[in-house]
Amino acid sequence: MDILRAPIAQELARWPSFRQAGLTAAEIQAQLVRPPKRDMGDVALGCFVFAKAAGVKPNEVAAKLAAGDVPPDNGAPRLIEGATAAGPYVNFKLNRAACMALVLGAIERSCPGENIEDAPQWNFGAGEEGKGKTLVLDFSSPNIAKPLAVHHLRSTMIGYAIKKMRESQGWRVVGINHLGDWGTGFGKLIAGLKKYFPEVGQRALAGDARPLGDMTVQVLIETYQRFNQELKQHEDLEDAGKREFALLERHIEALMADRAHEAGPEGKANFLIWEHARNISLAEFERVYAHLGISFHLWPVVDLHRKRVLTEEPERFFRENALYIGESYYVTAEDLCRRIIADALELKVAEESEGAMVIYTHGKDKPPIILVKNDGATAYHTRDMAAALYRHRHFNSETLVYVVGGEQRLHFQQLFKGLELLGHAWAGQCAHVDFGLLLFKQPDGKWAKASTRAGRVVMLEDLLDEAVEAVRGIIREKNQDLARDAQQAERVAHAVGVGAVVFNDLKSGRRNDIKFDWDEILNFTGETGPYMLMQFVRMGSVTEKFHEAARLKDWGAHAWKQGDCAQLKRDDEWELVLLLANFPEALRRASADYEPSIVAKALIEVAAQTSSWWTNTKDTRIVGEDAELSKARVRLVNAVRKVLGRGLLLLGMTLVERM
RNA sequence: GUCCCCGUAGCUCAGUUGGAUAGAGCGGCGGUUUCCUAAACCGCAGGUCACAGGUUCGAAUCCUGUCGGGGACGCCA
């Protein structure tokens, strides 16, 4: 409806009955809805607010508006053919050919090119709302020395889709992968590594940049767990962990101040171990992110090159990249942590409590923000505040957005409030984009957080592999043509398998909990990623079919571009065009609400209607004997393909031409 | 215990921000393929919108309460 609503409202504003009622196009547009049943009309106007303003009954207003004459001809094709009052509504019948031409024309203008390679340039539904504004988007954000588990998919893909959607509305989006790479846990890890693998400590002391050799993330986790187990019996290990972390922290601070030589060899050794562990983790992350089609650009802890990156081509850089910025970065960056503590003291918003320095953001009976722990170290609130200040300042952004699970609602409420208390009014525009938990079935049959029956989390990579493998099987079974081309079959299996997982994650509202169920995730029937891709692929293959027919019958190579919408007389074709017209509004809402599922739902409607149309035209075919009809239908096919392709890319899926 | 989120078909979810007779998918049952991809399409069955009040022309939607499920709650991040 979206591309049609504005012109419809403008036309209605010219009707004598509407002018008499003093209604503007904007007021009219706001009341346009779709009637619940098709036979009522194509578009309806609810008269409730007009009636309230005029102090009369909605039914009377509707009757009066519907009774008027049509407006004088102004040369433009008339979109509205007739009006009937139905209770408090006026139902309008639209001029299908004129409306279809409007919608298809808008899609064609905004989506140049027909190849998959052109798809990233398609921008149907683009908006200007964010023009000149920057949004910093914190998403994905795993902890290093831990694997990427299935639950990381949520933040990663919701965040990525939000990035794309906001960009479509004109925003510059700086995506930041806020790595959990700091905290006393890393001191324990270092202590554990030194204890169980003495050669690690020796190599680090000798200045080896790869003191961990070929260790995997799995070994790091096991080391950490083993150390924690032992810690229960030997409490002195706790101190060992804290000591290693303190050495690490001191070294990084010295490094930032260019006084690394003063920090001593032990600190440097810890830094080398930590940095190598981080690199091992990042290499694993990269592999999984590559499956998802996402890449991040690392901002090193001590970075000398970032200015070059930012000054050369910032617009393009941020559109094509997101950044890794570890928590560790903000510990030392510009002394922000210390400045926050100083500000809090100066403004008297902080106070001493139980040996820690805290801010009570929500009254004394709620837990406070802890700025400095009783052992003198900063806490994560402090680092998050420092990160917020840094982002606000360096990326010139009023809007910081965090794609983080709903369990952390309180944390973000406190964070934003804390920033406000420190005088940063822009914190009011920050948003916590929360999402539901990932639940696993427990032995007692109930759904619960965290772990599977076996007590272990499901690795994201395993999930993706499993989905790809399932698709390989389906290809072998159903498309032997494709299976013969091993390379392409593999590409397709990957795109479809990963797409199935991604779409499944994005299709329902982000705040719903996700019940992790292999059977459902690997069931590719119905409203699924493969179904969406299927419709996209079909639209491509029928276009090819047209080109073939056009050669034989001499219709002209791209004759469908001149297709006449008046040929499209079927109700299902009209319905399909209305759904296409709805896409820009869905995208705008999805972007504004940080809600990818709105786009996913809009695409499902388009795909379902497309599939129905496809089947119901089997007798005449989309590309049939009738040249004019075939041209017009393929023109519609092309529009469907572009809207589907555009939407799927926004959701972070990969397009394919066969499957 | 306090605060927050949620409750719509057997299951998973929509419901255009208060409007017309509450819609999809999965699962179940029954059909459809000489034809541009059946990973599809068509039909049937399935509802006291948790419950009880209230607000008004009108409530799945807003308010209050009850019940049920989940989450968070000072030095882990």
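Chain letters run A, B, ... following the sequence lines, proteins first, then strands; residues in each count from 1. Since the structure is predicted, the reported quantities are computational estimates derived from the model, not experimental observations.
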Pairs under 3.5 angstrom, nitrogen or oxygen only, protein versus nucleotides 21-25 of chain B, please.
residue : atom : partner  : partner atom : Å
B/rA24  : O2'  : A/Glu527 : OE2          : 2.3
B/rG25  : O4'  : A/Glu527 : OE1          : 3.4
B/rG25  : O4'  : A/Glu527 : OE2          : 3.2
B/rG25  : O2'  : A/Glu527 : N            : 3.4

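- The salt bridge (charged side-chain N to carboxylate O under 4.0 Å, His left out) test applied to A/Lys515 returns no partner, not counting sequence neighbours.
- Between the NE2 atom of A/His432 and the P atom of B/rA72 there is a distance of 13 Å, given to the nearest Å.
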Seminar exercise, completed: For RNA chain B, the expected dot-bracket line (Watson-Crick or G-U under 3.5 Å, [ ] crossing, | inter-strand) is (((((((..((((.....[...)))).(((((.......))))).....(((((..]....))))))))))))....
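- Under the 4.0 Å criterion applied to side-chain N and carboxylate O atoms, A/Lys93 and A/Asp42 are not assigned as salt-bridge partners.
- In this view, A/Arg538 satisfies the salt bridge (charged side-chain N to carboxylate O under 4.0 Å, His left out) rule with no residue, not counting sequence neighbours.
- Among residues two or more places apart in sequence or in another chain, the side-chain contact (heavy atoms from CB on, under 4.5 Å) test is passed with A/Ala608 by A/Tyr531.
- Syn is the classification of B/rU17, since its glycosidic angle stays within 90° of 0.
- Of the listed nucleotides (B/rC26, B/rA39, B/rC36), B/rC26 has the atom at the smallest distance from the side chain of A/Asn523.
- Taking a cutoff of 4.0 Å between a charged side-chain nitrogen and a carboxylate oxygen, A/Asp571 and A/Arg38 do not qualify as a salt bridge.
- The distance from atom CH2 of A/Trp447 to atom C1' of B/rU12 is 10 Å, rounded to the nearest whole Å.
- Between the side chains of A/His432 and A/His411, no donor-acceptor pair is found at a separation under 3.5 Å.
- Rounded to whole angstrom, the span from the CZ atom of A/Arg484 across to the P atom of B/rU37 amounts to 15 Å.
- Taking the C1' atom of each, B/rG58 and B/rA72 are spaced 38 Å apart, rounded to whole Å.
- Checked against B/rU12, B/rU37, B/rA20, the side chain of A/Val537 finds its nearest nucleotide in B/rU37.
- For the P atoms, the distance from B/rU56 to B/rC63 is 15 Å, rounded to whole Å.
- When rounded to the nearest whole Å, the span between CG of A/Leu533 and P of B/rA38 equals 16 Å.
- With sequence neighbours left out, A/Asp481 forms a side-chain hydrogen bond (donor to acceptor under 3.5 Å, both in side chains) with A/Arg484.
- Distance check on atom C1': B/rG43 versus B/rC62 gives 39 Å, rounded to whole Å.
- Using a 4.0 Å cut-off, no side-chain N or O of A/Lys366 falls inside it from OP1 or OP2 of B/rC3.
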Any protein N or O atoms within reach of nucleotides 28-30 of chain B? Criterion: under 3.5 Å, listing atom names and distances.
none

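- Computed from coordinates, the A/Lys57 NZ to B/rU56 P distance equals 17 Å when rounded to whole Å.
- With distances taken from any side-chain atom of A/Leu410 to the nucleotides B/rC41, B/rA72, B/rA38, the minimum falls on B/rA72.
- Mapping A/Val492 and A/Val623 onto RNA chain B by nearest heavy atom places A/Val623 at the nucleotide closer to the 5' end.
- Side-chain contact check for A/Gln488 and A/Arg658: at least one donor-acceptor pair (N or O, by modelled atom type) lies under 3.5 Å.
- When the P atom is compared between B/rC67 and B/rC51, the two are found 16 Å apart, to the nearest whole Å.
- Aromatic pair A/Phe285/A/His152: centroids not less than 6.0 angstrom apart.
- For the OP1/OP2 pair of B/rC36 and a distance below 4.0 Å, the side-chain nitrogens and oxygens of A/Arg633 include no atom meeting the criterion.
- Spacing of P atoms, B/rC4 relative to B/rA59, comes out at 27 Å, to the nearest Å.
- Considering only side-chain atoms of A/Ser612, the nucleotide from B/rA39, B/rC42, B/rU37 that sits closest is B/rC42.
- Here, B/rA22 and B/rU61 have their C1' atoms 12 Å apart, quoted to the whole Å.
- Straight-line distance between the P atoms of B/rU64 and B/rU21: roughly 28 Å, to the nearest whole Å.
- Classification of A/Arg570 and A/Glu575 as a salt-bridged pair fails, no side-chain N sitting under 4.0 Å from a carboxylate O.
- Using modelled atom types, one finds no donor on one side chain facing an acceptor on the other under 3.5 Å when comparing A/Trp518 with A/Glu466.
- Among residues two or more places apart in sequence or in another chain, the side-chain contact (heavy atoms from CB on, under 4.5 Å) test is passed with A/Thr610 by A/Gln535, A/Met539, A/Leu576, A/Val606, A/Val640.
- With the nearest nucleotide of RNA chain B identified for both A/Glu520 and A/Pro530, A/Glu520 has the one nearer the 5' end.
- When distances run from any side-chain atom of A/Arg409 to the nucleotides B/rA14, B/rA39, B/rC4, the shortest one goes to B/rC4.
- Nucleotide B/rU12 holds its C1' atom 14 Å from the CG atom of A/Asp505, rounded to whole Å.
- A donor atom on one side chain and an acceptor atom on the other are found under 3.5 Å apart for A/Asp181 and A/Ser328.
- Separating the P atom of B/rG10 from that of B/rC3 is a span of 34 Å, rounded to the nearest Å.
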Between protein and nucleotides 75-77 of chain B, what N or O pairs are separated by less than 3.5 Å?
residue : atom : partner  : partner atom : Å
B/rC75  : O2   : A/Asn374 : N            : 2.7
B/rC75  : N3   : A/Asn374 : ND2          : 3.3
B/rC75  : N4   : A/Glu354 : O            : 2.8
B/rC75  : N4   : A/Glu354 : OE1          : 3.3
B/rA77  : O3'  : A/Glu327 : OE1          : 2.2
B/rA77  : O3'  : A/Glu327 : OE2          : 2.7
B/rA77  : N6   : A/Tyr380 : OH           : 2.2

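- Counting to the nearest Å, the P atom of B/rC26 and the CG atom of A/Leu522 are 16 Å from each other.
- Here the nucleotide nearest the side chain of A/Val496, chosen from B/rU16, B/rA39, B/rC36, is B/rA39.
- Here B/rC36 is the nucleotide among B/rA39, B/rA38, B/rC36 with the atom lying nearest to any side-chain atom of A/Ser541.
- To the nearest angstrom, P of B/rG58 lies 14 Å from CG of A/Asn59.
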For this session: Dump the intermediate steps for salt bridge (Lys or Arg N to Asp or Glu O under 4.0 Å) on A/Arg510 and A/Asp505, then the final yes or no.
Result: CA-CA 8 Å; A/Arg510 63 179 154 81; A/Asp505 201 78; over 6 Å; no
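- Under the side-chain contact (heavy atoms from CB on, under 4.5 Å) criterion, A/Lys366 pairs with A/His362, sequence neighbours left out.
- In terms of the side-chain contact (heavy atoms from CB on, under 4.5 Å) criterion, residue partners of A/Ala495 (sequence neighbours excluded) are, by chain and number, A/Thr654, A/Val656.
- Closest to the side chain of A/Ile474, out of B/rA38, B/rA39, B/rG71, is B/rA39.
- In this structure A/Glu605 satisfies the side-chain hydrogen bond (donor to acceptor under 3.5 Å, both in side chains) test with no other residue, sequence neighbours excluded.
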